[in-house]
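Below you'll find the structure, written out as structure tokens, and then a few comments.
All values derive from a computational prediction rather than experimental measurement.
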Amino acid sequence: MSAKPLLQARGLIKTFGALVATNNLNLEVHPGEIHALIGPNGAGKSTLVAQLAGELPPNSGRILFDGADVTAADIPARVAAGLVRSFQITSIFPQFSALTNVAMAVQARAGHSFRFWKAAGTDPRLVDPAMALLDQVGLGSLAGTPAGEMAYGEQRQLEIAMALATRPRLLLLDEPLAGMGREDALAIIELLRSLRGSYTILLIEHDMDAVFSLADTITVLVYGKAIATGRPDEIRANPEVQQAYLGQEAHPREVQHA
Amino acid sequence: MAKSISPRAVLGLLLALALLALPPVALSLGEPFYIGLASRMLVFALAAMSLDLILGYGGLVCFGHAAFLGVGAYVVGILGHHAAEQTLLFGILPGTTSGWVTWPLAMLCAGFMAFLIGLVSVRTQGLYFIMITLAFAQMAYFFFVTLKGYGGDDGLSLGQRSTFSDLVSLRDKSTFYYVTLTMAVLVGGGLIKVTRSRFGMVLRGIKENERRMLHIGIPTFRYKVAAFTLAGAVAGLAGALLANQANFVSPAMMHWTRSGELIVMVILGGMGSLLGPAAGAVVFLTLEEVLSAYTEHWQIILGPLLILVVYFARQGLYGMLPRRRADR
């Protein structure tokens, strides 16, 4: 890749007691690509996402976003810079309508919220972009439905709409297909495909079909270390990767099949 | 197409008429006592609404709200005291009974105190937040107990009620009632506007899912502190009104049981509705008035009532109202 990386992790280390969750990790995500992060359970994927998003401080190492050091930046500051995550376990505002969920995220991007007087619920500057995003993820008809009453798959779509509403430059998608039926999963995969080019995406996902069909680049994480990075066909052919997966539980065929 | 009148609008209209007609009706019945009682209810309605802003909308269970009420009341009391004695506060400030000065100052002092307490307390969550706000309120309580110059434990009598140039005289019960009503309606209405604004949406979002708020890029801390400050300032205004209503201020106003009563009013009326807690305050004081005629242990009846409300009417009194058509 020629372009300057949008996100860089350099020598990232995170330990919990004797457990090394992130082991001197280096990672580069380039603008415009869909970069998938795969690895067996316990490889440290969630810990890495938490560090990139600003929830966990690394023991050492640096995180650079668009060239700027964000290692010490708090969560809202990273979001403001365009580094936004979604959650493996659905995290929405269950009592708000779908529209209000997204409008909330639009509002977050529209400058400070020390505005005490004008009603937010009817402000076209919030509601209109929110509605457009709901349409984009295919939830337009459910705008008025309380998010807590939506089906699981719809909540996952809503979560992506909320992430998009913050106008991210890099989306950290933490297992967007987790717990989904095949049909719902296909809808999300289509949605992610439609985002290609408009957003840079770091995708953490167990569904190998999805990973190998979506990703431009794949990084394989094992025991907190990136053991390989490359194009999907390179990763598929990599003996080290096969070894890593073969050594683990029951995933050997996942890599080969995909 | 004729616009149908909603049951809510009818209720609201009846309520407005009743509130406006109360003083003349009470006078014609020879029961001026009820004007004072109603004024007191309005004051606590305002205090309960201010608590609801942070408790009901922001999810911040403040167990020290009475401290802000007390500070507001003491601003009026202490400045009135110096005006009566013709002495100086801190050796430099003359006292005054002018409400133009003391009422805004009561809001400012209570708001500033809430700001400082908020800076420390809203970093914590749940039980710790409750404990910290309680601790600060107890500190305020004992601080005023030790102020022997201002009556200490016994409190301080107001020589006269706040004056507003020659515009209105609060000595008249009915006038005081109408001024309190105006304040409660204006400030309460303002709070309702605020809860629907962008700021209000942020508060609701924090209560719903604070972690998510951070991840859509909202630095929640500053909004929580701001809400705490605003709620404290409004409680301070209620305190200034309360001092006038009672012609008296004392540390008992900020005792932790008073903070507990404010929480009861909010829960009884329905958290997160503003109008509900206002009604909760009225019901609470009505129960106190009616039941304490029978027994001084009147809370023995309030307790079971509160349990019933929590179990069967989560939204309190407000939840029993007819719903608006588009309520979400």
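Within 6.0 Å of the CZ atom in A:Phe114, the count of heavy atoms belonging to other residues, nucleotides or ligands exceeds 12. Around CG of B:Leu308, the count of heavy atoms belonging to other residues, nucleotides or ligands within 6.0 Å exceeds 12. At most 12 non-hydrogen atoms from other residues, nucleotides or ligands lie less than 6.0 angstrom from CZ of B:Phe112. Other residues, nucleotides and ligands contribute at most 12 non-hydrogen atoms within 6.0 Å of the CZ atom of B:Phe115.
For A:Ala80, no part lies near chain B; criterion is any non-hydrogen pair under 4.5 Å. Contacts between A:Glu55 and chain B at a heavy-atom distance below 4.5 Å involve the side chain alone, from C-beta outward. Residue contact with chain B, scored on non-hydrogen atoms closer than 4.5 Å, is absent for A:Pro168. Contact of A:Ala165 with chain B is not made at all, since no heavy-atom distance falls under 4.5 Å.
Put simply, of A:Ser91, A:Ala120, A:Ser86, the one with the most heavy-atom pairs under 4.5 Å next to chain B is A:Ser91. Between chain B and the residues A:Asn101, A:Thr122, A:Ile92, A:Val84, the largest count of heavy-atom pairs under 4.5 Å involves A:Ile92. Across A:Thr166, A:Leu99, A:Asp123, A:Ile75, the residue that shares the most heavy-atom pairs under 4.5 angstrom with chain B is A:Ile75.
At least one side-chain heavy atom of B:Ile218 sits under 4.5 Å from a side-chain heavy atom of A:Met104.
Residues from residues 197-217 of chain B that place a non-hydrogen atom less than 4.5 Å from a non-hydrogen atom of chain A comprise B:Ser197, B:Arg198, B:Phe199, B:Met201, B:Val202, B:Arg204, B:Gly205, B:Glu208, B:Asn209, B:Arg211, B:Arg212, B:Met213, B:Leu214, B:His215, B:Ile216, B:Gly217, given in numerical order.
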